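Worksheet: one structure, shown below.
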Amino acid sequence: MTISIYNTKTGKKEPLSTIKEKHINLYVCGITVYDYCHLGHARSTLVFDMIVRYLRYRGNTVTFIRNFTDIDDKIIKRAAEQGTTTEELSNRFIEAFHEDMASLGNLKPDLEPKATEHIPEIVDLIQTLIDRGLAYEQDGDVYYRVERFANYGALSGRNLADMMAGARIAVSDKKENPMDFVLWKSSKPGEPTWDSPWGAGRPGWHIECSAMSKKYLGDTFDIHGGGKDLIFPHHENEIAQSEGASGKPFVNTWIHHGFVTIKDEKMSKSLGNFLTIRELLEQYPAEVLRLFVFSAHYRTPLDFTDQAMQDAETGLDRLYGCLATLTRLPRQGDADAADTVGKKDRQKLEKLEERFCKAMDNDFNSAQALGHIFDTVKAVNKIAQHLPPTPSQQTLDRLRQAGATLKQLGDLLGILQQDPVAYLTAKQEKILSAIDLSPQQIEALIAERNKARDEKDWTRADEIRDRLLSRNIEIKDAAGGTTWQVKI
RNA sequence: GGCGGCAUAGCCAAGUGGCUAAGGCAGUGGUCUGCAAAACCAUUAUUCCCCAGUUCGACUCUGGGUGCCGCCUCCA
């Protein structure tokens with residue numbers, strides 16, 4: 001079985017082939033650091049986190065690089081607004097980004113290079129492009145000459161004539177062609193600058209990714225990823241820069257993920273309809289967000305609603321509930337007793353990993369993979385529920401094995417790694433602290449109700465029960481007495 | 001205007017040229033209970049936006065239509 005991936009470059013799913021056997025060089029476009037990250041950025045990091053974990057799980061080594069673009073017009077503007085330097089501003093938001101990543105439970109990339117730490121590489125690359133006739137200097141700016149790059153538009157399925165017809169490009173008389181894009185910008189007074197053969201200035205957007213990917217991954221590497229909005233112009237321009245300079249293919253596989261939407265509109269800063277990661281995590285645990293994100297395929301739009309998040313939370317509770325059930329199983333079973341698991345359920349438990357991998361192999365279909373997880377949970381619950389008083393050792397072993405597999409596969413999605421009992425307890429305590437009843441008061445009410453029950457005063461008993469239930473306290477009458485728990 | 005994507009049950013969301021169209025949430029019935037709750041079981045799309053075509057057979061392929069979204073300016 002091989003992993004197949006949808007490649008934007010060809011518009012098809014293709015079996016993954018790597019330059020080096022069992023090794024994958026992956027470059028993902030990171031953020032421009034001038035503000036806190038929102039849910040859309042979170043999806044991006046979550047998707048590639050899942051992809052990297054899965055690629056490694058399937059026996060590959062992965063060199064995962066995600067850059068920071070820490071010099072750019074927006075950063076300069078924002079720093080000026082805040083009366084600070086671009087360096088201070090970008091470092092502050094890089095730190096915030098790292099905090100967000102830790103909160104989300106994302107693995108660290110192997111390297112997180114910054115544009116400003118690669119100015120010499122950027123200058124070299126631009127010089128190569130000038131030497132090859134693909135770029136030209138104009139009053140201290142350097143532009144890429146798109147007409148000289150034959151494949152310009154190949155990734156995004158455009159051609160220069162169509163784009164010109166679109167005519168939404170700001171006309172600049174410095175450019176030979178309106179589609180030419182800037183590689184190096186001469187700096188205005190007060191802006192951060194670096195020396196270059198074309199005078200003091202700073203890199204344009206796009207060139208930093210070409211320079212850094214080349215430095216760390218070489219002229220040609222396996223996978224390059226980012227959001228769909230980066231296909232054009234960012235990735236198109238990277239190709240023009242990198243292939244123009246090296247004369248070699250830049251990237252074999254392009255992975256682009258879909259957007260997070262709100263009310264079916266793209267979440268973006270300019271629309272103002274965004275939620276920052278930190279705001280969101282105040283309301284929902286990271287695992288809930290992960291489950292929500294992975295419940296849709298990475299290339300489809302993902303519409304954010306509170307209802308969807310609550311659904312995800314209920315789903316996560318169900319998964320942990322199943323794992324908690326498994327911890328309560330008797331330690332020892334009857335070695336001689338027959339296995340009580342039916343053939344169909346047995347298959348579900350045994351084939352979980354296989355089904356999960358088959359789904360993930362198919363362009364990282366985490367939604368389908370999660371479906372298999374839930375399907376298995378249902379089987380586990382059923383078996384556990386119907387266990388005889390003295391269960392067979394074989395059955396217990398099966399259930400425990402399934403629990404271990406669930407946890408192992410959950411790790412590929414960054415979920416289910418907490419102790420299940422602790423997870424549920426913590427959740428109950430959190431809810432309990434938010435209501436105006438102490439455990440002592442609850443116990444007292446239960447005692448009162450039990451007295452009423454003994455006297456067959458059902459009205460009074462029900463009244464107390466409903467009162468507790470209205471505060472999210474569920475009570476359970478069992479043979480050994482009444483227990484209570486917080487409804488989650 | 002150019003290019004691309006999507007349309008599957010109340011909601012979310014997979015999927016396949018032909019076995020029962022995953023799974024989650026919500027709902028309904030049942031087991032249990034004095035009644036409940038929890039848990040579990042069962043059940044909820046004769047049908048996959050509309051029309052035409054290809055085919056023995058299409059929700060899946062082709063063409064057309066409708067609706068929604070995205071990129072073409074910064075964007076994950």
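Below, read A as the first sequence line, B as the second, and so on, with proteins coming before strands; counting in each chain starts at 1. Below, all heavy atoms of this structure are taken into account, side chains as well, without hydrogens, waters or symmetry copies. All values derive from a computational prediction rather than experimental measurement.
- At the heavy-atom level, A/Thr300 lies under 4.0 Å from the strands shown only through sugar-phosphate atoms.
- Rounded to a whole angstrom, the distance from the C1' atom of B/C72 to that of B/G65 is 25 Å.
- Nucleic acid contact class of A/Gly371 (heavy atoms, under 4.0 Å, all strands): base.
- In this model, the phosphate group of B/G15 is approached by a side-chain N or O of A/Asn365 to a distance below 4.0 Å at OP1 or OP2.
- Checking B/A76, B/G70, B/C40 against every side-chain atom of A/Lys382, the shortest atom distance belongs to B/C40.
- Ring geometry for A/Phe274 against A/His38 counts as tilted: the plane angle lies between 30° and 60°, on a 0 to 90° scale.
- Using cut-offs of 30° and 60° on the angle between ring planes, the pair A/Trp254 and A/His235 is tilted.
- In this entry the distance linking CG of A/Leu271 with P of B/C74 reads 16 Å, nearest Å.
- Considering only side-chain N and O atoms, A/Lys266 lies under 4.0 angstrom from the phosphate OP1 or OP2 of B/C71.
- Pair assignment for B/C3 gives B/G70, based on Watson-Crick or G-U wobble hydrogen-bonding distances that are each under 3.5 Å.
- When the nucleotides B/G15, B/G70, B/A14 are ranked by their closest atom to the side chain of A/Asn362, B/G15 comes out on top.
- Here the C1' atom of nucleotide B/C74 and the CD1 atom of A/Ile76 are 14 Å apart, to the nearest Å.
- Within 6.0 Å of CD in A/Glu95 there are 12 or fewer heavy atoms belonging to other residues, nucleotides or ligands.
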Within the sub-3.5 Å range, which N or O atoms of nucleotides 35-38 of chain B have a protein N or O partner, and how far apart are they?
residue : atom : partner  : partner atom : Å
B/C35   : O2   : A/Asp462 : OD1          : 3.3
B/C35   : O2   : A/Arg465 : NH1          : 2.2
B/C35   : O2   : A/Arg465 : NH2          : 3.2
B/C35   : N3   : A/Arg465 : NH1          : 2.5
B/C35   : N4   : A/Asp477 : OD2          : 2.9
B/A36   : N1   : A/Ile475 : O            : 3.1
B/A37   : O2'  : A/Glu474 : OE2          : 3.4

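- For A/Phe304 and B/C12, the CZ to C1' distance is 14 Å, given to the nearest whole Å.
- What separates NZ of A/Lys9 from P of B/C3 is a distance of 22 Å, to the nearest Å.
- Residue-level contact check: A/Gly40 touches the bases, meaning some heavy atom is under 4.0 Å from a base atom.
- For B/A22, there is no paired base (Watson-Crick or G-U wobble, both distances below 3.5 Å).
- Counting all heavy atoms, side chain and backbone alike, A/Val251 lies closest to A/Lys9 at O-NZ, 2.8 Å.
- Separating the P atom of B/A14 from that of B/G2 is a span of 30 Å, rounded to the nearest Å.
- When each of A/Asp303 and A/Ala367 is assigned the nucleotide of RNA chain B with its nearest heavy atom, A/Asp303 is the one assigned upstream, toward the 5' end.
- A straight line from CZ of A/Phe356 to P of B/G15 spans 15 Å, rounded to a whole angstrom.
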Apply the test side-chain contact (heavy atoms from CB on, under 4.5 Å) to residues A/Gln82 and A/Leu89: give CA-CA distance (whole Å), side-chain angles for both, the deciding distance (0.1 Å), then the verdict.
-> CA-CA 9 Å; A/Gln82 297 190 3; A/Leu89 183 88; 3.4 Å; yes
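- For A/Ile31, whose side chain is taken as the heavy atoms from C-beta onward, the closest listed nucleotide among B/A14, B/A76, B/G2 is B/A76.
- Residues A/Leu319 and A/Val377 are in side-chain contact: their nearest non-hydrogen atoms beyond the backbone lie under 4.5 Å apart.
- Pairing partner, B/A14: none, since no Watson-Crick or wobble contact has both distances short of 3.5 Å.
- Here B/G15 is the nucleotide among B/G34, B/A76, B/G15 with the atom lying nearest to any side-chain atom of A/Gln368.
- The ring of A/His224 has its center closer than 6.0 angstrom to the ring center of A/Phe221.
- In this structure, B/U43 forms a base pair with B/G27, meeting either the Watson-Crick or the G-U wobble geometry with both donor-acceptor distances under 3.5 Å.
- Between A/Arg158 atom CZ and B/C72 atom C1' the separation is 5 Å, expressed in whole Å.
- Annotation: A/Arg467, atom CZ; neighbour count of heavy atoms from other residues, nucleotides and ligands within 6.0 Å does not exceed 12.
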In sequence, state the C-alpha distance, the side-chain angles, and the governing distance for A/Ile239 and A/Asn151, and then conclude on side-chain contact (heavy atoms from CB on, under 4.5 Å).
-> CA-CA 9 Å; A/Ile239 293 172; A/Asn151 277 328; 6.0 Å; no
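- Within 4.0 Å (heavy atoms only), A/Thr261 reaches no atom of the nucleic acid at all.
- Across B/G4 and B/G10, the matching P atoms stand 33 Å from one another, rounded to whole Å.
- With P as the reference atom, B/C74 and B/C69 are 23 Å apart, rounded to whole Å.
- Considering only heavy atoms from C-beta on, A/Arg299 comes within 4.5 Å of A/Lys228 through its side chain.
- At the heavy-atom level, A/His372 lies nowhere under 4.0 Å from the strands shown.
- Going from atom CD of A/Glu236 over to atom P of B/C74 covers 14 Å, rounded to whole Å.
- Within residues 308-330 of chain A, the residues approached by RNA chain B to less than 4.0 Å at the level of any non-hydrogen atom are A/Asp311, A/Thr314, A/Arg318, in residue-number order.
- Stacking of A/Trp458 onto the six-membered ring of B/G34 is present: less than 5.5 angstrom between centres, less than 30° between planes.
- Base pairing of B/A52 is made with B/U62, judged by Watson-Crick or G-U wobble geometry with both donor-acceptor distances under 3.5 Å.
- Nucleotides B/U46 and B/C59 are separated by 13 Å at their C1' atoms, to the nearest Å.
- Among the heavy atoms of the strands, none lies under 4.0 Å from A/Val28.
- Within 4.0 Å (heavy atoms only), A/Lys378 reaches sugar-phosphate atoms of the nucleic acid but no base atom.
- Checked against a 6.0 Å centroid threshold, the rings of A/Phe181 and A/Tyr143 do not count as neighbours.
- Backbone-only contact: A/His386 has heavy atoms under 4.0 Å from sugar-phosphate atoms and none from a base.
- Heavy-atom neighbours of A/Lys269 NZ from other residues, nucleotides or ligands within 6.0 Å: above the threshold of 12.
- In terms of position on RNA chain B, the residue among A/Asp264 and A/His234 whose nearest nucleotide sits closer to the 5' end is A/Asp264.
- As rounded to whole Å, 9 Å separates atom P of B/A39 from atom CG of A/Asn381.
- Within 4.0 Å (heavy atoms only), A/Phe292 reaches no atom of the nucleic acid at all.
- Taking atom C1' in both B/U60 and B/G53, one finds a spacing of 15 Å when rounded to whole Å.
- The aromatic ring centroids of A/Tyr36 and A/Phe97 lie 6.0 Å or more from each other.
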